[in-house]
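Just below is one structure, and these are the notes that go with it.
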Amino acid sequence: PGSHTSLFWLSGNLMMLGMNLPMLGAHYAIQTENPIEARIVPTAASQRLENVFMLKMLIAKNSG
């Protein structure tokens, strides 16, 4: 189960980053003054939420 778990974390985090990249592109498209700065907080927040969600799923799966 160890390898599946690390793959689970990696794929979940990559998926969230993948969803944040188009948003960064959108900030460039609408000429936001500092697009990277504009995305730092939302990206960090979504990554954190995704990890909390995955942790809860793992705990639920392991305790069941």
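This chain uses plain numbering: 1 for the first residue, then up along the sequence. Being a predicted model, the structure only gives us computed values, none of them experimental.
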**Item:** Straight-line distance of L21 CG to R39 CZ, nearest 0.5 Å
**Value:** 9.5 Å
**Prompt:** Run the side-chain hydrogen bond (donor to acceptor under 3.5 Å, both in side chains) check on N13 and E50 step by step: do they pass?
**Reply:** CA-CA 7 Å; N13 278 291; E50 177 68 11; over 6 Å; no
**Heavy-atom donor-acceptor pair, T32 side chain to Y28 backbone, under 3.5 Å** = no
**Message:** Quick check on the hydrophobic clustering: are F53 and I59 connected, directly or via other members, by side-chain heavy-atom contacts under 4.5 Å?
**Reply:** yes
**From N51 atom CG to M16 atom CE, the distance as rounded to the nearest 0.5 Å** = 9.5 Å
**Asked** In terms of hydrophobic clusters joined by side-chain contacts under 4.5 Å, are L58 and M54 together?
**Response** yes
**Asked** Which heavy atom in S46 sits nearest to a heavy atom in N20, and how many Å separate them?
**Response** OG-ND2, 2.9 Å
**Message:** Given 3.5 Å as the limit, does a donor-acceptor pair link the side chain of T43 with the main chain of I40, or not?
**Reply:** no
**Prompt:** Shortest non-hydrogen contact from F8 to M57?
**Reply:** CZ-CE, 3.9 Å
**Message:** Tell me if the CE atom of M19 is crowded by more than 12 foreign heavy atoms within 6.0 Å.
**Reply:** no
**Request:** Take W9 and L55, measure what side-chain contact (heavy atoms from CB on, under 4.5 Å) needs, and give me the verdict at the end.
**Result:** CA-CA 9 Å; W9 288 105; L55 184 64; 3.8 Å; yes
**Complete:** Distance col, row H27:NE2 vs E33:CD, nearest 0.5 angstrom, shows 13.0 Å
